[in-house]
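In this text, all values refer to a predicted model and were calculated from it rather than measured experimentally.
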Amino acid sequence: MRAKQWPTTAVLVGLVVLGLAGVVSVAACEPDRAGGDDAASVAGAGGGLEDLTPEQVLEKARQAGAELTSLRGTIRQRRKAGTLEYSLSVTRDGDCTGTVSEDGVEAEVRRHGGTVWVKPSASMFQAALPDAGPALADKWLTGTGELGKSYAGYCDLVFRLATGDGPLKAVGEWTKTGVRQVSGTRAVFLGFRSDEGGPHGSSGTVAIAAEGRPYLLSANETGDSATAIRFDAFGEPVEVTPPSADETADASGHRIVLDGNR
């Protein structure tokens with residue numbers, strides 16, 4: 001079996017600078033349910049997925065992803081320097097809220113109407129803004145330049161990976177490996193293997209919901225940069241409240257140190 005590697009590793013590595021808040025293990029944060037499906041969708045696209053070929057399963061998952069308006073993604077990637085983890089609720093319109101952590105360096109992120117706010121933890125604040133005074137401490141920061149762009153990139157990446165520009169985009173031969181439960185939802189598991197992605201190649205699985213809408217529930221890639229992805233809260237509202245004026249501070253006049261420059 002052979003498949004073209006989905007681009008998770010390359011995209012994730014390209015976005016990494018510093019990490020954000022709320023370290024949560026992916027295993028502990030698997031979705032409690034497949035998503036916010038209504039009665040009509042439960043009776044629809046998911047039914048009979050077990051009887052389809054892998055290519056047909058993937059196509060149904062792509063179609064379901066194309067109709068998604070919102071979801072939550074929890075992603076964990078092992079890297080040479082440590083582990084990157086983030087859990088973000090995102091919408092197709094770009095709203096985003098959640099936490100990210102890279103090797104224990106933490107922050108929160110919100111995005112609404114194109115504005116990105118980053119709230120570093122105390123340890124991240126000291127490392128990323130070494131010249132900033134106490135007026136910026138414990139604040140939601142705007143004007144963070146490349147740092148804010150990178151965090152906004154995490155938000156975009158979560159949506160892309162779930163809706164067809166990640167595991168579901170892979171082409172080649174796939175193998176159906178069984179039907180199992182993913183946090184209480186019956187799912188069809190597909191396996192893939194690629195010679196790309198490091199000296200030893202990569203392999204992994206994806207799980208597609210076999211009840212309700214056939215959303216991508218999880219993806220796991222092995223190899224040098226092992227990545228685990230979980231999705232849930234499909235179609236649920238994502239409320240992003242912009243911080244009040246007294247909760248925010250403009251960091252544009254301060255030196256911001258990215259991880260690679262420390």
Side-chain angles (χ1 to χ4, degrees), residues 8 11-12 15 19-26 28-42 45 61-77 84-101 106-121 139-142 144 147-168 182-185 207-209 212-219 228-244 247-248:
T8 306
V11 177
L12 283 171
L15 286 174
L20 303 159
V23 178
V24 190
S25 92
V26 171
C29 280
E30 288 186 359
D32 293 328
R33 51 199 175 88
D37 305 305
D38 57 25
S41 65
V42 169
R62 294 186 195 106
Q63 293 173 359
E67 299 170 359
L68 260 176
T69 58
S70 63
L71 72 151
R72 177 172 57 207
T74 302
I75 298 176
R76 182 181 186 185
Q77 185 192 27
L84 169 68
E85 302 183 63
Y86 50 101
S87 181
L88 298 167
S89 296
V90 298
T91 71
R92 183 175 292 276
D93 294 334
D95 282 1
C96 176
T97 181
T99 60
V100 182
S101 172
E106 305 172 358
E108 298 175 70
V109 62
R110 294 180 189 176
R111 182 172 66 179
H112 180 70
T115 301
V116 178
W117 296 270
V118 177
K119 187 176 184 181
S121 63
K139 296 286 189 179
W140 287 94
L141 304 179
T142 58
T144 54
L147 185 62
K149 290 180 182 179
S150 295
Y151 289 167
Y154 289 124
C155 298
D156 295 334
L157 180 62
V158 166
F159 205 87
R160 294 204 312 269
L161 290 176
T163 57
D165 200 23
L168 298 178
V182 175
S183 298
T185 298
I208 311 296
R213 297 287 291 163
Y215 294 131
L216 174 64
L217 299 180
S218 68
I229 304 173
R230 301 291 183 271
F231 296 114
D232 70 336
F234 302 105
E236 294 185 3
V238 176
E239 297 182 5
V240 181
T241 303
S244 61
E247 295 176 307
T248 63

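The two residues Ala219 and Arg230 come nearest to each other via the heavy atoms O-NH1, 3.9 Å. Residues Thr163 and Gly65 share a closest heavy-atom pair of CG2-O, 3.4 Å. Contact between Arg111 and Gly94 at its shortest, heavy atoms only, is NE-O, 2.7 Å. Closest approach of Ile208 and Pro214 over heavy atoms only: CG2-O, 3.4 Å. The two atoms that bring Val116 and Ala152 nearest to each other are CG2-CB, 3.9 Å, heavy atoms only.
Inspection of the Thr91 and Ser70 side chains reveals no N or O donor paired with an N or O acceptor under 3.5 Å.
Rounding to the nearest 0.5 Å gives a distance of 14.0 Å between OH of Tyr86 and CZ of Arg76. Distance check, rounded to the nearest 0.5 Å: OG1 of Thr185 to OH of Tyr215 gives 12.5 Å. Distance CZ/Arg92 to CG/Leu71: 9.5 Å, rounded to 0.5 Å. Going from atom NZ of Lys119 over to atom OH of Tyr151 covers 14.5 Å, rounded to the nearest 0.5 Å. Considering OG1 of Thr248 and CZ of Arg110, their distance stands at 11.0 Å, rounded to 0.5 Å. To the nearest 0.5 Å, atoms CG (Leu84) and OG (Ser101) are separated by 8.0 Å.
Considering Leu217, Leu68, Val182, Leu216 as possible partners of Phe231, the one that fulfils the side chain to side chain contact (heavy atoms under 4.5 Å, CB included) test is Leu216.
At least one side-chain heavy atom of Tyr154 sits under 4.5 Å from a side-chain heavy atom of Leu88. By the 4.5 Å heavy-atom criterion applied to side chains, Val109 and Thr97 are not counted as neighbours.
Every side chain to side chain contact (heavy atoms under 4.5 Å, CB included) that Gln63 has, sequence neighbours left out, goes to Glu59. Take Pro242 and apply the side chain to side chain contact (heavy atoms under 4.5 Å, CB included) test, not counting sequence neighbours, and it matches His112, Trp117. In terms of the side chain to side chain contact (heavy atoms under 4.5 Å, CB included) criterion, residue partners of Thr144 (sequence neighbours excluded) are, by chain and number, Val118, Leu141, Leu147, Ala251, Ile256. Listed by chain and number, the residues in a side-chain hydrogen bond (donor to acceptor under 3.5 Å, both in side chains) with Thr241 amount to none (sequence neighbours excluded). When the salt bridge (Lys or Arg N to Asp or Glu O under 4.0 Å) test is applied to Asp95, no partner is found at least two apart in sequence or on another chain. Checked against salt bridge (Lys or Arg N to Asp or Glu O under 4.0 Å), Glu247 has no partners two or more places apart in sequence or in another chain.
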